[in-house]
Amino acid sequence: MLDLAFVRDNIELVERKLAERGSALRLDRFREVDSSRRRLLTEVELLKSQRNKAGDQIGALKKSGGDASAIIAEMGGISDRIKLLDDRVKQVDEELREILTTYPNVPHETVPVGRSAADNVEVRRWGTPREFTFKPKAHWELGEQLGILDMERGAKIAGARFGVYWDGGARLERALGNFFLDTLTREHGYREVLPPAIVNSASLFGTGQLPKFAEDLFKLEGSDYWLIPTAEVPVTNLYSGETLDAADLPINLTAYTPCFRSEAGTYGKDMKGVFRNHQFQKVEMVKFAHPDHSYEELERLTGNAEALLQKLGLPYRVMALCTGDMGFGSAKTYDIEVWLPGLNEYREISSCTNFESFQSRRAGIRFRTGSKGKSELVHTLNGSGLATGRSWIAVVENYQQADGSIEIPEALRPYFGGTDRIPALKK
RNA sequence: GGAGAGGUGGCUGAGUGGCCGAAAGCAACGGUUUGCUAAACCGUCGUACGGAUAAUCUCUGUACCGAGGGUUCGAAUCCCUCCCUCUCCGCCA
């Protein structure tokens with residue numbers, strides 16, 4: 001959510017910036033609602049002030065045994081008027097809030113202007129895609145062939161877009177999760193946290209999924225419980241409504257959780273395998289940073305995710321998302337795309353974003369310098385480090401051998417009990 | 001699931017209809033003094049949204065005592081609903 005005063009004072013700037021994102025806006029409506037809200041507030045607050053004064057008089061009169069009935073009768077009318085105006089203020093507040101909460105974030109000045117993914121800018125590239133002496137297979141073929149990924153039974157017990165991992169496949173997923181968490185906590189200064197995979201709607205509002213993107217989520221019937229689409233939601237909201245100490249910033253947290261997405265509107269897209277499932281696992285990194293340093297932290301966060309891919313020996317490229325392709329709350333996002341030989345393309349494996357104060361304003365996450373300073377909103381950032389479901393795909397496809405087995409990357413072997421491969425099934 | 005207790009400012013904790021944005025203590029901050037790594041004393045000490053103003057300074061108004069609604073001229077205080085915490089019992093991974 002953008003700051004009310006900021007939008008009011010910079011309305012042309014906001015209009016231009018949001019147009020770059022391809023957002024159709026109601027800024028004139030904003031202006032109208034905002035000024036009528038202020039008019040109403042002035043009026044009703046004046047009346048309340050009168051009421052409070054009269055209340056003091058009534059109290060004093062009653063105490064001294066005087067007759068207050070005249071004032072009380074007069075106040076009845078004012079109270080009715082206040083009630084009426086309060087209702088209107090409430091309506092106007094709601095509309096203003098609705099307008100503000102549907103505005104996406106203002107992109108940072110360094111974000112390339114563009115309309116779609118085609119306008120994203122490649123920032124750098126690491127590693128060279130391996131030359132295969134055979135035609136590399138896609139992960140769903142390999143998974144089935146090796147008996148480690150079972151889409152059929154996933155569909156049977158749950159439905160489309162669910163998979164079951166067996167044996168080395170299950171172990172690979174677990175190894176990746178542990179490897180990521182260990183590396184982030186031991187080498188990059190993150191603190192590990194294991195939050196609920198279910199949150200309430202207030203948390204989803206805080207990080208910006210609600211109210212606009214409810215259709216992307218799974219809601220538990222008859223409750224205010226929702227399955228998390230990413231650990232970003234519970235972890236960012238850990239500090240909602242709290243004031244942090246500036247000396248503690250940046251705070252770096254990491255969590256390994258399942259993620260659930262309805263994938264509404266993606267029918268037919270990435271239907272094979274586990275690239276786009278309703279449930280997947282992911283290690284998420286979340287940062288709470290001082291506004292003066294949040295862009296340094298974004299670079300660091302992105303670098304932390306890259307380091308994981310480098311340790312796994314997986315080629316990737318880093319893309320700066322353009323204004324038209326960024327997420328709703330993002331001020332700036334880098335996507336990291338890993339090379340998938342089976343698909344013969346780079347595909348997203350991590351998305352690293354600086355939300356600036358877009359989330360912290362909604363969630364009420366502040367910091368204070370010393371015990372005297374005025375509290376300010378922190379900047380929140382997050383990125384996958386990494387999506388284990390997609391890392392699984394990348395390992396399987398990049399490390400497949402001519403005999404159909406999968407070599408285990410060096411870095412993962414300690415998590416595989418010394419085994420260096422997932423063997424091909426004997427026929 | 002059953003029974004009970006409770007949610008007040010950074011913390012502890014008073015307050016059962018007007019004199020309460022809220023006592024007192026602690027913590028924090030500024031100062032004075034003594035002096036030494038501490039004490040005493042004085043003062044300051046919430047947030048949000050409006051208005052005035054050149055001003056994020058200052059002045060001023062309103063709202064906020066878990067959330068929402070109701071009663072009333074007037075609600076932290078009375079009533080209703082919900083949420084959360086604690087205790088005991090039951091059940092259970």
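Every chain is numbered from 1 and lettered A, B, ... according to where its sequence line falls, protein lines coming before strand lines.
Judged by closest nucleotide on RNA chain B, Asp56(A) is the one of Asp56(A) and Met75(A) placed further toward the 5' end. Position along RNA chain B of the nearest nucleotide to Leu4(A) versus Lys48(A) favours Leu4(A) as the more 5'-ward residue.
One finds a side-chain N or O of Ser49(A) lying less than 4.0 angstrom from the OP1 or OP2 phosphate oxygen of U62(B). Checking the phosphate oxygens (OP1, OP2) of G51(B), a side-chain nitrogen or oxygen of Arg38(A) falls inside 4.0 Å. In this model, the phosphate group of A63(B) is approached by a side-chain N or O of Asn52(A) to a distance below 4.0 Å at OP1 or OP2.
Salt bridge Lys332(A)/Glu356(A): absent, no basic N to carboxylate O contact under 4.0 Å.
The nucleotide C88(B) finds its pairing partner in G2(B), both defining distances of the Watson-Crick or G-U wobble pair being shorter than 3.5 Å.
A side-chain donor-acceptor contact under 3.5 Å links Ser35(A) to the backbone of Glu32(A). Side chain of Ser79(A) to main chain of Gly76(A): no donor-acceptor pair is present (N/O by atom type, distance under 3.5 Å, no hydrogens or angles). Between the side chain of Asn105(A) and the main chain of Gly329(A), a donor-acceptor pair closer than 3.5 Å is present.
Nucleotides U81(B) and G9(B) have their C1' atoms positioned 27 Å apart, rounded to a whole Å. Distance noted for atom C1' between G17(B) and C79(B): 13 Å (whole Å). On the C1' atoms, C89(B) is 41 Å away from C20(B), given to the nearest whole Å. The separation of G18(B) from A76(B), taken at their C1' atoms, amounts to 13 Å, rounded to a whole angstrom. Using P as the reference atom, A67(B) and A52(B) are 30 Å apart when rounded to the nearest Å. Atom name C1', nucleotides A14(B) and C26(B): the rounded distance is 15 Å, in whole Å. Taking atom C1' in both G15(B) and G25(B), the straight-line distance is 15 Å, to the nearest Å. Comparing the P positions of G50(B) and U34(B) gives an interatomic distance of 50 Å, to the nearest angstrom.
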- Task: Carefully, step by step, assess His379(A) and Phe355(A) under the rule ring-ring contact (aromatic ring centres under 6.0 Å, His included).
- Result: CA-CA 7 Å; His379(A) 281 190; Phe355(A) 293 86; over 10 Å; no

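Of the candidates C73(B), G50(B), U47(B), the closest approach to any side-chain atom of Arg368(A) belongs to U47(B).
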